Structures are given as C-alpha cells and as structure tokens.
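Just below is one structure, and these are the notes that go with it.
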2 protein chains.
Amino acid sequence: MAQPTMDDVARVAGVSRALVSLVMREASNVSDRRRQAVLEAAAELGYRPNILARNLASRRTMTLGVMINDLHNPFFAEAVDGIQARADEAGYQLLLATERTGRSGQTDAIETFLRFRVDGLILTGPRLPTPEIRAAADTCPIVLLGRTLRIPEVDTVNTDERIGARLAVRHLFDLGHREIAHIDGGRGAGGPPRRAGYERAMRELGLDDAIRIVEGNFTEEGGVRGADQLLTGGTAPTAIFAANDLTAVGALDRAEDLGLDVPGDLSIMGYDNTAMAAMHHMSLTTIDQPREEMGRIAVDLLLERLDDDRTAAIRHVATPSLVTRSSTGPPPDPRQLQSDP
Amino acid sequence: MAQPTMDDVARVAGVSRALVSLVMREASNVSDRRRQAVLEAAAELGYRPNILARNLASRRTMTLGVMINDLHNPFFAEAVDGIQARADEAGYQLLLATERTGRSGQTDAIETFLRFRVDGLILTGPRLPTPEIRAAADTCPIVLLGRTLRIPEVDTVNTDERIGARLAVRHLFDLGHREIAHIDGGRGAGGPPRRAGYERAMRELGLDDAIRIVEGNFTEEGGVRGADQLLTGGTAPTAIFAANDLTAVGALDRAEDLGLDVPGDLSIMGYDNTAMAAMHHMSLTTIDQPREEMGRIAVDLLLERLDDDRTAAIRHVATPSLVTRSSTGPPPDPRQLQSDP
DNA sequence: CCAAGGCAATAGAGCGCTCTAATCGATTCG
DNA sequence: CGAATCGATTAGAGCGCTCTATTGCCTTGG
C-alpha cells in the first residue's frame, strides 16, 4: 500500500524530482522527450500526486469549502450544482459539509474548513452568528449565498426577496384576489424579507386592512398549522402566499382535508420553485430563484477576491420570477364567499 | 493573513514545538502547567492547526470520502446523515463529492479522493464500472452502499431488494389485488433486483399469468409513461408497484388525470420511503430502507478495516419494511372491473 | 572565437507538522 | 550512596511536494 512518490518517478525516469514536479504541474518549458519519460514512469508506477504535500508546499489548496445549510432542501442542492460547475471550470475542488459537521460541538464546520486551509468559503443560508462569520472572514474570503449580511468583509449572493414577494402578491391580485394571507418563514433565512415584501406589496395595492400573517417555519407541518389557522377561524382568505414550497404543500394538504378545491375555492402560492413544486401532482404556482446561476456567481466572487484581489464587498442581487402553475386561479364567486358566516 | 504556526506557539509558551504538538493531539503525559501555558499561547495567537501538515506527517488523514450518486435524491441525503453521524463519533471528517466532480472528465471523483489520501471511501449507489472500483480498492478500503458487487476487496451495505419487492406484492395481494403490475427501474441501482423480487413474489402467489412489467427509469416522467401504458391499453391492473417513490408519484399523476381514484380504483405503491412519500399530500404506501442505519454501518465497516485490519469482505443486508399509507386499498368491486372492455 | 542570452534541468531549502529516540531530572531501591 | 527507573520534555529527521536560484548547454551576434 506504500504509494510511490515523486522521487520514485524521478528515479525511474532518470530525471530530477523538480522536473517531475514541473511535468505534474503541466509547466510549459519541459522538453517533450523528458515529459514522455516522466509520464511513462508515472504510469508504470501508478503514481498519484499527494495533494496534501502539494498544498502544504504551495500554500494554495485549490479547494473551496461549501457549507450546506440543509442537505435535504432541494434549494441548496441546486445551488451546489452551480457552485460545482463553476468551481470545476476554474480548477477548484469542493469540500462540502453540513452546518453540524465536525466533532459534535467541539469544532464547527467553519473551523474545520479553515484548518484544511481552503482558499475560500461559501456559506449557503447559514444560521451562524455574525461575529463568527466575521472572525472567519479575516482568514479567507467568504461569500454568503441566500443570506444578507452587511459587513464589508463578505460578499453576498441573493435574490431580492421583497420583489419576489411582491410578484406573488401581484399575481394573486391580478387574478382578482383581495383577501391574501401570508404564512411566513419565521426567523429562517429569507423569512423576514419575504414577510416584509408581502406587507409592502399589500400596502401598495391599498390592501392594508387585508394584511394577515400567521406564523410558519419553512416546513410542511408549519404550512398545515398555518392553513388551519387561516381557514377554520372566522373569515377565510381567498388566497394564501406561503413562505416556501414546503409550507405551501402543507397548506394544500390542509385545504383539501377541509374539502376546499384548489384553486377553485382557494389559491395557494409557494416560493423557491423547487422540484417538488414542479411535480405534476403538486403543480404549485411559485417564485423562482436562479439557484444554479447564484451558485456560479458565488464562486466568481470568491475567485475575484482570490485572483484579482478585490477587497470591496459586492452584494449580488438576482431577480426572482413568477412561475405560474395550477394552484392559483380567480377567486370563487363573491356570493359563495359571503354565504358562510 | 500569515497564520501562526506551532513554532510560534512554542516560542510564546516557552516550550518546544514537540510539546505543543503533544498538547494539540491531547496526549496524556503532559504536565498541567505546560498544557495551560500552551493552550493560552495558542488562544492568544489565534493558532489553528494546519491539517494538511498534520496529515502529511502522520500519514493519516482521518478523513473519509463519500461519493454521492445524486445530490437531489433524498435517499442519499439521508444515508449521508447516518454516515455523518457515525464519522463524527469516530472523529473522522467527511469529504463529499458527486460522481461528476473533478475537472470534467480529466480526473474523476475517486481519483480526487485518493489524491487527498482519504483513509476510506464510501460509494453510494455508484454507476462506476467494476474495474475502476477494484483498482481503487487496493489503495484504500471501500464500502459500497446501495449497490452489490461481489469482489472480495470491497464491503457492501444493502437492503434485500427482493424481500422488499415481495413485501410490496404481498401487501397488495393481501388487500385482494391479483392484477398487480410493475413499473421497473431499468438498469439503475436497485432496478433489476426489485424487478426480480416482484416476479418471484408473483409466482409464489400463483400469479404467474398476471405478471406485467413496463419499463421505467426511477424518474417521475418514467412513472407517467409507465402508468399510461398500463392504464390505457386493454385491461388495466388494479394495483401498480413502482420501482421507487418518484416513479409512483408519476403514476399517481397519470392515474388522476385519467379520472381514476387512488386508492379507490387503483392502488399504487412506491419504494424508498423518501420524505416525498411521507408528505401528507402524497401519502404513498412504500417500502422503507433504514438509510441512516445503513450509513452508519458503512462507516463501521470502514473502521473495521482501518483499525482492526479485517480483510474478509462483509456484505451487510438490512431488512426493508412496509410503510402503509393511503395510496393503497382494496381493489374496486369486480363488477366495475369487468364493465370496461 | 568569445561574451551574451535563452532555455532546459537541477539543487536544495523550506511548507508545518508528527514521531522516534534521546535527554533530563526526580524518585526509588538495593 | 550510586544505579536503575520513570515520567516529562526535546532534538531532529522526515512526510512529499513546490519554488527560487543556479547550473549547464546550446544558439546567436559582434
């Protein structure tokens, strides 16, 4: 199991270790003859460069750390797709970890990454406290994806959640809805701005009095509870704007259990345009975020700090868009609405 | 940005580098006085061990490579949860990658892992050719999860897919179904054994003549097509056993589009018990695999090879179980069935 | 014909850590 | 009281690579 080293290759090829190193790094000024000799020797021995040694010596790891908030949330999986693609192109490796990696509590994920001397860090929707992020930021460049943070040391990539929320409200308004309620995302990343966007959009439309928010938590169960609250007590809204797709699915469940037809009796909107929303069986109207693109941009921002040594923070804000499916439609006939008290 | 090294800490603490090393590795025979001095110096300087140097010197990385077949498939996410948990306990780090990591085509994921000198490798549901896996296996221990491979160098962790398939068929049989069709998984990992299990179970029940298989591919779309084939041409089955949950969802869609009530007119079963199946709105009867446990076991197998230097291959086969939800029920009244010619 | 220049190849000093063997006091014991 | 013992500490040789400076060698031009 003892693996061959560069010295072994050098010996077999009859050259110096330095020359082998040059060949491995694909340096330009090596004669074809020697290069061949080295490559053949390497192949013969089954030589495999030791990345650790290389990184130690070069003080560059060509590796980016990616912290995934939640492996189960398709939003992150798709953002990682973009990160992966761009990192590949740029010749960077990825180290993935979930927020709870590392020996339970002792060493958190960020610390682990820094010990590995990653060249840069992408944190997707991290729940981490600001001081911790700031502390890490003076060791290596950091990009936040899906969370805002106004400190100069880190770049951020987001969509404008308020615009997204407004798109949702407008869509429902245009269909004729006036009683539009919101099941929010609590304090989770994206929750507050989506809620704020909802409120603002309602006011813009003169629907101040119809503003109605119940608490959610970005889970299906939260959607079930929120919908229950909205639909069983007093006057029910004609449309529900949920903070994310999962919440919308929960609301959908509850609505159907209550015998309501969606979108006949009630329109429901999600947010994120996850694969789930696209499933024919769900067919959720929702707000799309260009996740892959956001992932790519996050890598680009890192590379700019790394290669072009930019130091000013950049806040990239992508534009969300409406995806219309079949969970929304015109509100029911007003007569039916009133006949319920 | 120049990070402090062990020598810096040693200087500040007034001890040798070797002693700092001992403290960092939590060695036992260091006096409390010195230990304190070292820890204080380290804290003061903001010292952070360089894992690369450590790994290089110790020839152990305490890192396991995990190749994830598909980041979007919840099955793998949950298996990784188990792997993560167990690795944490054992003090191992995880390096995750998807099968298509690495500079496009040049260096595949496995090679990358080996260059990083991971101590062990877990491949979840890999589509990789056998020779490649075998080649990697003589460099470091390998465990396959969710795929069988009968070569002595690698351990495997699976569920007995045939038993799982039989559970599904029996469940439907017990409900009264006789016309039970199968939408298979093609050549994807798990596809063939599930199909074989279906066939065998049908025979055991004397339903040889009712065996009916259409092709699928583990996707929703495959489910839609498969269901279409089964439900629109000639005599329709009363129950469909789909190769996985996604396929089942597709079948569900198609069935509902055709105006069939599930489970009133048609029962549908999935496989995997993904979070999707559990969603209230879907509520799919399905076969559960203990994914987290499988993940933990995979790590254990690796550790046995690493620490107890076991060399004989182990094939762990977990037991699948039936999860009954509301997509299955008794077949419709026979009279209705016949009235369709 | 010789100095200057250019290119290919190499020597050798690290990178920051681990780990074996050696050292050094302080005890213990015959 | 000197030898043996033992725990705490240290010296120093790597781990496998990169990278700067340097060495040769060959071409070129004056």
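These numbers were taken from a predicted model, which means no experiment stands behind them. Proteins get letters first, then strands, A, B, ... in listed order; numbering begins at 1 in each.
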Does this structure show an ion pair linking [X] with [Y], if we count only N-O contacts that are shorter than 4.0 Å?
{"X": "Arg296(B)", "Y": "Glu292(B)", "answer": "no"}
{"X": "Arg310(B)", "Y": "Asp155(B)", "answer": "yes"}
{"X": "Asp300(A)", "Y": "Arg86(A)", "answer": "yes"}

Please state whether the phosphate of [N], meaning OP1 or OP2, lies under 4.0 angstrom from any side-chain nitrogen or oxygen of [X].
{"X": "Ser16(A)", "N": "dT10(C)", "value": "yes"}
{"X": "Thr5(A)", "N": "dG16(D)", "value": "no"}
{"X": "Ser21(B)", "N": "dT18(C)", "value": "yes"}
{"X": "Arg60(B)", "N": "dT18(C)", "value": "no"}
{"X": "Ser31(A)", "N": "dA8(C)", "value": "no"}

Considering only side-chain heavy atoms of [X], which listed nucleotide, [options], is closest?
{"X": "Ser58(A)", "options": "dC17(C), dG16(D), dC19(D)", "value": "dC19(D)"}
{"X": "Leu19(A)", "options": "dA9(C), dC17(D), dG16(C)", "value": "dA9(C)"}
{"X": "Leu56(B)", "options": "dG16(D), dC19(D), dT9(D)", "value": "dG16(D)"}

Heavy-atom protein contacts under 4.0 Å, nucleotides 20-25 of chain D, coded B base, S sugar-phosphate only, - none: ------

Base of dT9(D) paired with side chain of Arg17(B) (donor-acceptor, under 3.5 Å): no

Inter-residue atom distance Leu302(A).CG - Asp119(A).CG, 0.5 Å rounding: 8.5 Å

Sugar-phosphate, base or nothing in reach of Arg34(A), heavy atoms under 4.0 Å: sugar-phosphate

Of Arg33(B) and Arg59(B), the one whose closest DNA chain D nucleotide lies more 5': Arg33(B)

Any donor-acceptor pair under 3.5 Å from Thr63(A) side chain to Gln93(A) backbone: no

Side-chain H-bond candidate by donor/acceptor type, Arg25(A) with Ser21(A), under 3.5 Å: yes

Set of side-chain hydrogen bond (donor to acceptor under 3.5 Å, both in side chains) partners for Ser16(A), sequence neighbours left out: none

